[in-house]
Amino acid sequence: MEKFRYLPGVSTLELDVQACVGCGMCEIVCPHGVFLLENSKAKICDLDGCMECGACAKNCPTSAIRVTPGVGCANYIIQTWIKGKDAASCDSVECC
Amino acid sequence: MDKKVQNHEGCCTDDNLSGAYSGQQEIVIQPSMPAPVQDEVCCGAPPGPESNPFERPGYVLQRFVKDFVDTPVGPVPSIKTDLDRNDLFGKMAVRWGIHRDNYKVAPGLYCVGTPDQNAPVLVTANYKLTFDVFRKELGSIHAWILVLDTRGINVWCAAGKDLFSTTEVIQRVQLTGLAKIVRHRQLILPQLAATGVSAHRVKKASGFKVIWGPIRAKDINYFLKNDLNADDSMRRVTFAFRERLGLVPVELSHLVKPSLWVLLAIFLASGIGSHIFSVGVAWTRGLMATAAYAAGILAGALAAPALLPWIPVRSFALKGTITGFICGIGVILIFHAALQFWEVLALVFGTTAISSYLAMNFTGSTPFTSPSGVEKEMRKAIPLQALAVLIAAVSWIGSAFAK
Ligand code: SF4
Ligand code: SF4
């Protein structure tokens with residue numbers, strides 16, 4: 001999705017290449033094509049395309065990927081500021 | 001006569017209704033005797049059609065169910081793949097925020113066509129809109145459809161909230177007895193559910209392998225024909241003009257309630273002046289301020305989302321600032337004859353701040369904004385937005401004293 005770019009250099013995504021077994025799952029599940037498989041190892045090829053949805057980390061069988069997942073929703077974040085992380089919920093926000 | 005007496009005493013016996021109403025005459029009413037056709041019709045219209053044979057006491061037969069197919073675990077509803085007027089009406093209502101939180105179908109197993117033991121199993125959310133969009137694409141397919149209980153929320157958002165989750169998939173597979181219906185051990189899930197579902201955990205706990213299907217329902221036919229392979233483009237989210245515009249009504253519907261307070265505040269602030277408070281002035285000036293407020297909403301909740309990729313900055317708050325400023329200038333051009341400098345300042349700042357804030361809130365509806373990014377721009381934008389509102393309020397009220 002080249003046309004839509006968000007702020008660069010903010011994603012918390014990290015890959016531990018040592019732990020990667022090259023299953024290719026991260027490449028399949030990422031909705032922004034952030035990963036590419038090269039020589040049976042995953043590689044982050046578009047870090048700024050990452051929206052921190054957490055799909056890759058959740059589906060990596062060897063936990064080689066680390067990312068702080070969350071919803072990129074201003075309304076939700078305001079709630080976490082006011083009420084704290086645990087009390088905030090999307091239910092009263094109705095973002096989606 | 002013995003019988004009659006018995007009936008009056010033991011009125012609950014249902015084996016013999018005859019004589020229950022008997023007086024002097026011996027009228028015998030059979031339990032299933034139909035009313036004579038030539039009877040007077042009690043009220044106008046002719047009766048509707050007979051009950052559908054699939055109706056059951058205590059259940060509502062859904063309109064999208066065509067019939068039921070027998071399986072080892074009992075009858076499974078086979079669903080229609082075309083939408084009727086009700087579905088379309090429901091969609092319109094939901095788009096405008098009506099019944100939005102309770103538009104769902106019962107979770108469980110459904111099917112399309114005449115699936116057998118080898119037919120694929122497609123998994124989806126129980127938000128009625130998602131379900132409708134999905135079944136519409138399944139006209140030529142024979143498949144089992146496993147609907148999860150995502151509390152009536154779409155795939156993407158339900159996955160983010162851990163409702164379209166690993167545990168829900170595992171539980172629903174067990175509850176429906178899916179393993180007795182199909183011989184294979186594969187589930188096809190929409191790719192956007194990967195945020196909530198861990199494929200290897202599902203496999204471990206249920207024996208079913210998760211295959212990630214395409215993001216959009218319209219690609220499911222291709223995916224099934226192409227040996228369960230999706231092209232790269234089917235694996236990328238899009239956010240086309242139409243998709244963005246589709247979100248505008250819901251955004252607007254959220255603004256109705258807060259707007260009432262804003263309008264009250266505008267009215268009060270507009271009437272204050274050297275004469276303390278004048279309803280007439282509140283009305284004329286309030287109208288201009290209301291126009292500026294409306295322009296801010298238009299700029300932030302309609303123009304910014306619609307023009308999203310073409311506004312050449314990345315921060316959403318800035319995108320809204322740009323559209324808001326332009327709309328603010330528009331408002332000034334309309335009312336310029338009646339405005340003095342401080343009022344111009346107030347209206348432009350107000351419009352821009354509102355637009356910026358609303359555009360920033362649109363981040364929640366996009367499929368590409370990272371939470372780290374949103375938080376970063378909010379930390380910078382919110383103080384500035386608050387400052388702009390303050391400037392707008394002070395110069396608006398202050399200008400009334402300068403008159
Ligand atoms: S967090 Fe989401 S967007 Fe980022 S790399 Fe992983 S799957 Fe892709
Ligand atoms: S999912 Fe994990 S193990 Fe598989 S390719 Fe990606 S990083 Fe490597």
Side-chain angles (χ1 to χ4, degrees), chain A residues 1-13 21 23-36 46-63 67-81 85 89-96, chain B residues 97 100-101 151 153-154 156-161 166 191-201 210-212 215 230 232 235-239 247 250 253-254 308-310 314-317 357 359-379 381-382:
Chain A
M1 206 162 64
E2 292 300 353
K3 229 168 40 168
F4 294 100
R5 302 301 294 188
Y6 195 46
L7 309 185
V10 290
S11 174
T12 52
L13 184 71
V21 292
C23 70
M25 206 47 134
C26 51
E27 195 184 350
I28 292 177
V29 296
C30 177
H32 288 290
V34 170
F35 288 96
L36 264 188
D46 182 17
L47 183 66
D48 290 341
C50 173
M51 62 162 160
E52 301 176 311
C53 68
C56 51
K58 192 145 207 159
N59 280 281
C60 174
T62 60
S63 308
V67 64
T68 314
V71 257
C73 169
N75 227 322
Y76 176 78
I77 293 174
I78 291 177
Q79 282 206 29
T80 63
W81 287 352
K85 263 233 149 46
S89 77
C90 277
D91 305 335
S92 48
V93 174
E94 291 188 58
C95 52
C96 41
Chain B
R100 204 154 169 259
D101 8 309
R151 323 281 169 86
I153 296 174
N154 69 41
W156 170 240
C157 297
K161 293 173 187 175
T166 311
Q191 186 194 327
L192 284 186
T195 301
V197 177
S198 168
H200 53 273
R201 294 231 170 86
V210 169
I211 313 263
W212 296 109
I215 287 179
D232 269 359
R235 297 223 170 274
R236 304 280 177 270
V237 284
T238 54
F239 202 37
L247 296 168
V250 170
S253 71
H254 290 168
L308 204 61
W310 300 298
R314 290 196 181 168
S315 145
F316 277 51
Y357 181 76
M360 190 181 77
N361 271 341
F362 193 66
T363 49
S365 306
T366 65
F368 67 98
T369 48
S370 58
S372 299
V374 176
E375 185 149 1
K376 183 180 172 189
E377 74 163 283
M378 285 169 70
R379 287 197 185 282
I382 289 183

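Order of the sequence lines sets the chain letters (A, B, ...), proteins ahead of strands, with each chain counted from 1.
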- Message: Taking every non-hydrogen pair under 4.5 Å, which of B:A159, B:S198, B:A158 racks up the most with chain A?
- Response: B:S198
- Message: Between A:L7 and B:S315, is the side-chain contact (heavy atoms from CB on, under 4.5 Å) condition met? List the steps.
- Response: CA-CA 7 Å; A:L7 309 185; B:S315 145; 4.1 Å; yes
- Closest heavy-atom pair and its distance - A:N59, B:A199: OD1-N, 2.7 Å
- Do A:K58 and B:T195 come within less than 4.5 Å of each other through their side chains, counting heavy atoms only? no
- Task: Evaluate the side-chain proximity of A:C53 to B:W156: yes if any heavy-atom separation is below 4.5 Å, no if none is.
- Result: yes
- Compare every heavy atom of B:Q191 with every heavy atom of A:V29, then report the nearest pair and how far apart it is. O-NE2, 2.8 Å
- Query: In Å and rounded to the nearest 0.5 Å, what is the OH to CD1 distance from B:Y357 to A:I78?
  - Reply: 3.5 Å
- Task: Quick one: which of B:A317, B:A381, B:G196, B:A230 has the most heavy-atom pairs under 4.5 Å with chain A, could you say?
- Result: B:G196
- Message: I want to check something: taking the side chain as every heavy atom from C-beta on, are B:I215 and A:P31 in contact at a cut-off of under 4.5 Å?
- Response: yes
- Pair count under 4.5 Å, heavy atoms only, with chain A: among B:T166, B:V197, B:D232, B:I382, highest is B:V197
- Select, from A:A57, A:G54, A:P69, A:G33, the one with the greatest count of heavy-atom pairs under 4.5 Å involving chain B. A:G33
- Spacing of A:M51 atom CE and B:T363 atom OG1 [to the nearest 0.5 Å]: 13.0 Å
- Message: Quick check for you: to the nearest 0.5 Å, what is the distance between A:R5 atom CZ and B:R314 atom CZ?
- Response: 6.0 Å
- Note on the structure: Taking every heavy atom of A:C60 against every heavy atom of B:H200, the minimum-distance pair comes out as O-CE1, 3.4 Å
- With sequence neighbours excluded, tell me which residues meet side chain to side chain contact (heavy atoms under 4.5 Å, CB included) with A:L36. A:E27, A:C45
- Query: Is the closest side-chain heavy-atom distance between B:S372 and A:E52 below 4.5 Å?
  - Reply: yes
- Region of A:C30 in contact with chain B, defined by heavy-atom distances below 4.5 Å: backbone
- Task: Please step through side-chain contact (heavy atoms from CB on, under 4.5 Å) for the pair A:I77 and B:M378, ending with a clear verdict.
- Result: CA-CA 9 Å; A:I77 293 174; B:M378 285 169 70; 3.9 Å; yes
- Residues two or more places apart in sequence or in another chain: which of them pass side chain to side chain contact (heavy atoms under 4.5 Å, CB included) with B:A359? B:A304
- Please look at B:F362 and chain A and tell me whether the side chain, the backbone, both or neither of the residue comes under 4.5 angstrom of a heavy atom of that chain. neither
- Measure across A:C50 and B:S370 and return the closest heavy-atom pair with its distance rounded to 0.1 Å. O-CB, 3.8 Å
- Note on the structure: Note: A:Y6 and B:F316 closest approach over all heavy atoms is CE1-CD1, 3.5 Å
